[in-house]
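Only a predicted model underlies this, so the values are computations on that prediction, with no experimental measurement involved.
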Amino acid sequence: MAKNNGNKFIFLLIICVLAVAIILIMGGGKSGETSKAKSLVGITTDNVSEDNSQMVNASENSIELLCLMYHNVVADNQKQGDYEIRVSALERDFKELTSMGYKCVDSKELLSIVDNKKYGKYVMITFDDGFYGVYKHLPSLLEKYNMKAVVSVVGEYIDWQDKQNYKSRCSYMNTLEVKELSKNKRVEIAYHSYELHHINGRRGVKIKKGENASEYTTMFTNDTKKLNSKLKSLGIKSSVYCYPYGEFCKESEKVLKDLNFNITMTCAEKVNYLSSRQSLFLIGRINRAASYQNINNLLLKACNMH
């Protein structure tokens, strides 16, 4: 009888040990999955190397920057595509960004945010190329929804438009319109090259394969200074450079840093997590194509965010 009781006791002890082991294994696995999920959500590039490969982890104490890239703004009865968006769609974006808790900032605010470690969710609205539709439709929406925008212009596009006496859906701003738009306190004019927004042996401003680095540096410096002179004549100052096609190289970054630019932007589709002024170079921007239903849909598809 005592022997049977002893066997039962040993059997129950083994069951208890196995149960505890299973609980610990399941708990550890769950904890591991949770940690893995958190790290996947928080991983992004810090924009400090040419291949955008330096990684940082997001946390509750982070500076999150969503940088959206728009191009042309068209009327609600006009066609929209990958680089055009209707006025009503842009208005919905502004509403949605506000409801998602993003604070819209310009470059000066962004510098202050990283300098003072002001953690939070921020959004920067950018418009490339300097389309007339931006001049026509954007200011009233910025005022209505308390938003701000960075509008990057191409020098030769402005020159070309100065020679035209008509406006179409795809027209650019002329010199007087760029000057007028720059006076809007909610708009910041940025650089998008003077004569390098092309793909003809060179992709935007990127150095060509085998090109002499010294000659390239001179070329890109001269192009940037040429646009600087034009903007300066209009009373415009900026330290933001938006790379045409998002193409860049280590030589272009050096030139812009030597010319005292504080922010450079690419077309890498990601959310940025900032830590210092250094992380403001090679900021990723997400193209707001009209094919996305809304901002949340854009983030889910373009960035694989869940």
Side-chain angles (χ1 to χ4, degrees), residues 41 44 63-110 113 120-153 169-173 181-182 184-190 192 240 242-243 245-246 263 265-274 283-306:
V41 171
T44 184
I63 301 172
E64 177 184 322
L65 177 67
L66 171 62
C67 200
L68 297 177
M69 178 174 61
Y70 297 83
H71 290 77
N72 199 9
V73 184
V74 298
D76 285 343
N77 62 350
Q78 292 180 310
K79 177 185 176 182
Q80 60 179 358
D82 287 344
Y83 302 104
E84 297 165 315
I85 191 168
R86 293 189 179 119
V87 173
S88 59
L90 181 59
E91 187 167 10
R92 286 195 300 271
D93 284 358
F94 286 176
K95 290 180 181 178
E96 185 179 5
L97 287 167
T98 301
S99 67
M100 292 173 72
Y102 284 100
K103 179 181 177 182
C104 190
V105 297
D106 57 22
S107 68
K108 290 182 180 179
E109 290 173 311
L110 197 55
I113 287 166
K121 293 172 59 176
Y122 302 95
V123 63
M124 183 172 276
I125 306 296
T126 71
F127 290 85
D128 281 3
D129 302 339
F131 283 100
Y132 174 72
V134 173
Y135 167 84
K136 182 178 180 181
H137 299 293
L138 182 62
S140 60
L141 290 180
L142 295 178
E143 184 68 29
K144 183 176 180 179
Y145 293 99
N146 191 30
M147 304 292 274
K148 299 177 181 180
V150 175
V151 179
S152 62
V153 296
R169 182 172 61 85
C170 297
S171 291
Y172 298 100
M173 290 184 284
L181 187 62
S182 71
N184 189 315
K185 294 181 179 180
R186 297 182 178 277
V187 176
E188 179 178 4
I189 303 298
H192 206 38
V240 179
C242 300
Y243 282 116
Y245 313 109
I263 298 173
M265 298 186 177
T266 70
C267 298
E269 298 206 317
K270 62 179 182 177
V271 177
N272 306 276
Y273 289 90
L274 309 177
I283 285 177
R285 296 186 296 161
I286 305 173
N287 182 51
R288 176 50 169 114
S291 56
Y292 296 115
Q293 296 176 351
N294 49 46
I295 297 298
N296 189 56
N297 177 253
L298 179 149
L299 292 175
L300 287 171
K301 292 187 177 181
C303 299
N304 292 319
M305 295 181 68
H306 301 287

_Using the ring-ring contact (aromatic ring centres under 6.0 Å, His included) criterion, which residues pair with Tyr145? Sequence neighbours excluded._
none
*Drop me the distance from Lys136's NZ to Asn72's CG, to the nearest 0.5 angstrom.*
10.5 Å
*So, for Asn287 and Tyr292, which heavy atoms are closest and what is the spacing to 0.1 Å?*
O-CE1, 3.8 Å
_Quick one: does any side-chain atom of Arg186 pair with a main-chain N or O of Pro139 as donor and acceptor, under 3.5 Å?_
no
*Would you give the length of the straight line joining atom CD1 of Ile189 to atom CG of Asn184, rounded to the nearest 0.5 angstrom?*
9.5 Å
*Just checking, any donor-acceptor pair under 3.5 angstrom between side chains of Asn77 and Arg86?*
no
*Looking only at heavy atoms, what is the nearest atom pair of Cys242 and Asp128, with distance?*
CB-OD1, 4.1 Å
*Among Leu110, Val240, Asn272, whose side chain to side chain contact (heavy atoms under 4.5 Å, CB included) with Met124 holds?*
Leu110
*asked:* Check this for me: Glu109, atom CD, are more than 12 non-hydrogen atoms of other residues, nucleotides or ligands nearer than 6.0 Å?
replied: yes
*Under 3.5 Å, is there a donor-acceptor pair linking the side chains of Asp93 and Tyr70?*
yes
_Any donor-acceptor N/O pair, Glu188 side chain to Ser107 backbone, under 3.5 Å_ = yes
*asked:* Show the nearest heavy-atom pair for residues Ile125 and Cys104, with the distance to one decimal.
replied: CG1-SG, 3.9 Å
_Expected output: side-chain Arg288 to main-chain Met69 donor-acceptor under 3.5 Å_ = no
*Answer yes or no: is there a donor N or O on one side and an acceptor on the other, between the side chain of Glu96 and the main chain of Ile295, under 3.5 Å?*
yes
*What pair of heavy atoms forms the shortest contact from Asp76 to Val87, and how long is it?*
OD1-N, 3.4 Å
*Tyr122 ring centre to Lys103 NZ or CZ under 6.0 Å, with the angle to the axis within 45°?*
no
*Go through Cys67 and Thr126 one step at a time and tell me if the side chain to side chain contact (heavy atoms under 4.5 Å, CB included) criterion holds.*
CA-CA 7 Å; Cys67 200; Thr126 71; 3.9 Å; yes
_Does the plane of the ring in Phe131 sit parallel, tilted or perpendicular to the ring in Tyr172? Use 30° and 60° as the thresholds._
parallel
*So does Tyr83 have more than 12 non-hydrogen atoms from other groups sitting under 6.0 Å from OH?*
no
